[in-house]
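Please read the structure below before turning to the comments.
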Amino acid sequence: MSYQHKTLGEFINENQHAFKYSTGELSSLINSIRLAAKVVNHEVNKAGLVDITGAAGDVNVQGESQQKLDVYANDKFIQAMINRNIVCGITSEEEDDFIIVNSKDKNHQNKYVVLIDPLDGSSNIDVNVSVGTIFSVYRRITPIGTPVTKEDFLQAGKHQVAAGYIIYGTSTMLVYTTGHGVNGFTLNPAIGTFYLSHPDMEFPKDGNIYSVNEGNYLEFPEGIKKYIKYCQQIEEDRPYTSRYIGSLASDFHRNMIKGGIYMYPKSTKNPNGKLRLLYECNPMAFIAEQAKGKASDGYTRILDINPTELHQRVPFICGSINMVEKAEAFMKEFS
Ligand code: P6P
């Protein structure tokens, strides 16, 4: 690790001017996420050693048994954001409803809402496969001075002011955008500092990696089946590879670096797909577009979808623009 790399803190300070309308609050919010990421990373890295991976016994709104690490990560990110006195509301995959956060002066002066999947892919924890945190940030749209409402969370993804993910993998990385490109930071665990390791990240226009759970193949729309068969044809020496980790942030991150497409289509088991629009698809779509990639539900741009529910699901196709448009063409012709 070259120590010439800029730290995340230095990068945030240098780019303070770029945060539209921000008076340093968005910077402080990113810093709070940075802090929580380090705390969660510490626990994730020793998950196999302590009795923290056992199911907490509860079941979240997704019907999934909450791993203790899910609950731990949820608590840490929520507390870190509340402590900064910037956020007026939080929606989390681990919380049935949104959380109203009042400002220190008790007059609801905070202006940002955050939506978060605190530990995505948590079923991978017990088998030592990478997991991630995904977050999305908006300015509230209801009047400051009043408690945040559900309307503040149900904004189309194109109105996000920031989005990012953390991957707890072979190294811990924080990747985020505030609408001015995408930058990746790698944690040096020895000193607890994130360094700018992947400046100006962009999806290659094309790629040869496709990421989908082919166990659901028979239930996929015809267009997706045709696209998968297209990827598998041996023609003109087109060497496609299937790579699927089962952790969205990790599959997305590899595809952004190498070129590729991630798909979680609808199926008979998941008629609206599995992924959540507000705290999985929207933040990843914002990052994808900022990295010159593309994200849709097969027909409609993800960032244009008007949400109706906090935990609503949408079909999700995301990655290198030429690959996404090829899949969309198959969807248009066959589904
Ligand atoms: P399946 C993890 O639960 C997640 O939300 C994404 O991170 C991941 O890509 C997907 O679901 C895996 O779902 O049904 O293939 O196990």
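Note that ligands are numbered from 1 as they come in the structure, with each ligand's atoms numbered from 1 the same way.
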Checklist entry - If you draw the axis of the six-membered ring of Phe334, does the NZ or CZ of Lys226 fall within 45° of it and under 6.0 Å from the ring centre? => result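 Judged by the rule (NZ or CZ under 6.0 Å from the ring centre, within 45° of its axis), Lys226 counts as positioned above Phe334.
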Checklist entry - Where do Ile257 and His198 land on the side-chain contact (heavy atoms from CB on, under 4.5 Å) test, with the steps shown first? => result CA-CA 10 Å; Ile257 291 170; His198 296 68; 4.3 Å; yes
Checklist entry - Any Lys/Arg nitrogen of Arg84 or Glu25 sitting under 4.0 Å from an Asp/Glu carboxylate oxygen of the other? => result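 Result for this pair is no, no salt bridge flagged.
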Item to check | Electrostatic pair Glu325:Lys332 at N-O distance under 4.0 angstrom | outcome: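 So Glu325 does not pair with Lys332 through a salt bridge.
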Just which atoms of ligand 1 are under 4.0 Å from any heavy atom in [X]?
X      : answer
Asn213 : 1 (P), 14 (O), 15 (O)
Gly121 : 2 (C)
Tyr244 : 1 (P), 9 (O), 10 (C), 12 (C), 13 (O), 15 (O)
Asp120 : 2 (C), 4 (C), 5 (O), 6 (C), 7 (O)
Glu280 : 5 (O)

Do ligand 1 and [X] have nitrogen or oxygen atoms that lie under 3.5 Å from each other?
X      : value
Tyr262 : yes
Leu275 : no
Asn216 : no

Checklist entry - Any donor-acceptor pair under 3.5 Å linking the side chain of Gln312 with the backbone of Leu277? => result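 The answer is no, because no donor-acceptor pair under 3.5 Å joins these two groups.
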Below 3.5 Å, can you tabulate the donor-acceptor pairs from side chains in residues 167-175 to any protein atom, sequence neighbours excluded?
| unit_1 | atom_1 | unit_2 | atom_2 | d |
| --- | --- | --- | --- | --- |
| Tyr168 | OH | Thr133 | OG1 | 2.8 |
| Thr172 | OG1 | Asn41 | OD1 | 2.4 |

Next on the checklist: Run the ring-ring contact (aromatic ring centres under 6.0 Å, His included) test against Phe220 and tell me which residues pass, sequence neighbours left out.
Outcome noted: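 For Phe220 there are no ring-ring contact (aromatic ring centres under 6.0 Å, His included) partners, ignoring immediate neighbours.
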Next on the checklist: With a heavy-atom distance limit of 4.0 Å, tell me whether Leu248 approaches ligand 1 through its side chain, its backbone, both, or neither.
Outcome noted: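 Answer for Leu248: both.
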